[in-house]
Number of protein chains: 2
Amino acid sequence: MEDRIRIGDVSKRAGVTPRTVRYYESIGLIPPGEREGQGQHYYTEETVVRLRKITQLKKLGLSLDEISEVIDLYFTDPSGVQAKTKVLAILRRYLKETDEKIDAFQQFRSELQAHIMRFEQWLKGKGHH
Amino acid sequence: MEDRIRIGDVSKRAGVTPRTVRYYESIGLIPPGEREGQGQHYYTEETVVRLRKITQLKKLGLSLDEISEVIDLYFTDPSGVQAKTKVLAILRRYLKETDEKIDAFQQFRSELQAHIMRFEQWLKGKGHH
DNA sequence: CCCAAACATAACGTTAACGTAATGTTTATT
DNA sequence: AATAAACATTACGTTAACGTTATGTTTGGG
């Protein structure tokens, strides 16, 4: 494990573009890649995992802002009672929102189902003469 | 029921801005409000319902493009076997995507739960001396 | 040491979904 | 008829999350 992954590989392995990596780094969503003076940036295995986690959360519809609120949970523990209590509040809020979203989606799902069945019924009627 | 609702009321009752109504009308997401020559636009009861439905679908993360693919289902039936079969395909695709999203959200939910419990546990340990 | 491939930086471009003036016209009320 | 409130139209502005040149620098293999 060389653990000195360059941006080309890190982005390829995470399924994003180099531009995305730089962008995330610029907004502090991923830790800055180390470098020697003026040279290139070197990332680690953890960066890859972190990037994958980010894309996964994005698929849930979380914005990068929202992601930056929780992403650290997956990699580091906030220290101190203070921080943990604060994070806990955020988590509970997300849990609530997530539950609501799941409900909404299930509602939507059953509407879809109803429409689909209606159409199938209609087409079946047309089918056999 | 006057059924000649002006943009101010229609937007207020649907919980959106007049700008949004005009925008949706401009992209054909809602039917154009009738008008006498050069006058104002008059909308109907159905416009209100339609707008509410749109905002509801938006909360599910559907884009306006995606919404325009399915919105008509709620108000008119596509006529002809041809059209119905096509719409049915779209619906099935959405059903699949919706199921995947629900799964992803439930996954996310359980991750949240796990984190929350871990934090609560930690804080409880700190609690009683 | 040389050179192509990969990288760095800066800056302008892009899409979605409206927001926000600015200005002129309708409509309803007095 | 006057006037204020609501409406219409045009056009420029905004945010998020990058894409896309353009140009110059680093790096690794021969």
Side-chain angles (χ1 to χ4, degrees), chain A residues 2-44 47-48 50-71 94 97 101, chain B residues 2-44 47-48 50-71 94 97 101:
Chain A
E2 245 295 333
D3 224 38
R4 274 171 58 94
I5 318 173
R6 296 197 297 175
I7 198 167
D9 288 342
V10 92
S11 61
K12 219 163 273 176
R13 292 184 46 199
V16 299
T17 70
R19 171 75 233 243
T20 300
V21 175
R22 294 204 182 96
Y23 178 63
Y24 287 174
E25 187 172 345
S26 81
I27 63 174
L29 200 52
I30 60 173
E34 288 187 48
R35 61 199 305 198
E36 300 130 28
Q38 191 46 17
Q40 298 174 187
H41 296 245
Y42 291 100
Y43 304 88
T44 73
T47 312
V48 178
R50 199 175 169 107
L51 284 170
R52 288 196 181 129
K53 196 72 206 176
I54 292 172
T55 36
Q56 182 188 335
L57 293 178
K58 277 201 57 181
K59 280 186 189 161
L60 296 176
L62 299 205
S63 71
L64 295 185
D65 265 19
E66 292 171 321
I67 291 175
S68 64
E69 275 192 304
V70 295
I71 186 69
Y94 272 109
E97 286 173 15
K101 281 184 189 172
Chain B
E2 246 294 336
D3 223 38
R4 273 171 57 94
I5 316 171
R6 296 198 297 176
I7 198 167
D9 288 343
V10 91
S11 60
K12 220 165 273 177
R13 292 184 47 200
V16 299
T17 69
R19 171 75 233 244
T20 300
V21 176
R22 295 205 180 95
Y23 179 63
Y24 288 175
E25 187 172 344
S26 81
I27 63 174
L29 200 52
I30 61 174
E34 287 186 48
R35 59 199 305 199
E36 299 131 28
Q38 190 48 17
Q40 297 176 186
H41 295 245
Y42 292 100
Y43 304 89
T44 72
T47 312
V48 178
R50 200 178 169 104
L51 284 170
R52 288 197 182 129
K53 194 74 205 176
I54 292 172
T55 36
Q56 182 188 335
L57 293 176
K58 277 201 58 184
K59 279 186 189 160
L60 295 176
L62 299 205
S63 70
L64 296 186
D65 265 19
E66 293 170 320
I67 292 175
S68 64
E69 275 193 302
V70 295
I71 186 70
Y94 272 110
E97 286 172 15
K101 279 184 190 171

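In what follows, every chain begins at residue 1, and chains take the letters A, B, ... in the order their sequences are listed.
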Interatomic distance, [X] [atom1] vs [N] [atom2] [rounded to whole Å]:
X     : N      : atom1 : atom2 : answer
A:Y42 : D:dT26 : OH    : P     : 12 Å
B:Y23 : D:dA8  : OH    : C1'   : 19 Å
B:K12 : D:dC7  : NZ    : C1'   : 12 Å
A:D9  : D:dG28 : CG    : C1'   : 13 Å
B:R6  : D:dC7  : CZ    : P     : 5 Å

Nearest-nucleotide comparison on DNA chain D, the residue closer to the 5′ end among A:G39 and A:T17: A:T17
Taking all non-hydrogen atoms of both residues into account, name the closest pair between [X] and [Y] and its distance.
X     : Y     : result
B:I67 : B:I54 : CD1-O, 3.7 Å
B:V21 : B:S11 : CG2-CB, 3.9 Å
A:R13 : A:R52 : O-NH2, 2.7 Å

Using a cut-off of strictly less than 4.0 Å, decide whether [X] has a side-chain nitrogen or oxygen near OP1 or OP2 of [N].
X     : N      : value
B:H41 : D:dA6  : no
A:R4  : D:dG28 : no
B:R22 : D:dA8  : yes

How many angstroms lie between [atom1] in [X] and [atom2] in [Y], if you round to the nearest 0.5 Å?
X     : Y     : atom1 : atom2 : value
B:T47 : B:Y24 : OG1   : OH    : 14.0 Å
A:E66 : A:L60 : CD    : CG    : 10.5 Å
A:S63 : A:L57 : OG    : CG    : 10.5 Å

Between which nucleotides of DNA chain C, 5' to 3', does chain A make heavy-atom contacts below 4.0 Å? C:dA6 to C:dA11
Can you tell me if B:Q56 has over 12 outside heavy atoms packed within less than 6.0 Å of its CD? yes
Here's a test of your reading of the structure: between B:D65 and B:E36, which maps to the more 5' nucleotide of DNA chain C? B:D65
Between B:Q40 and B:L64, which has a closest nucleotide on DNA chain C that is more 5'? B:L64
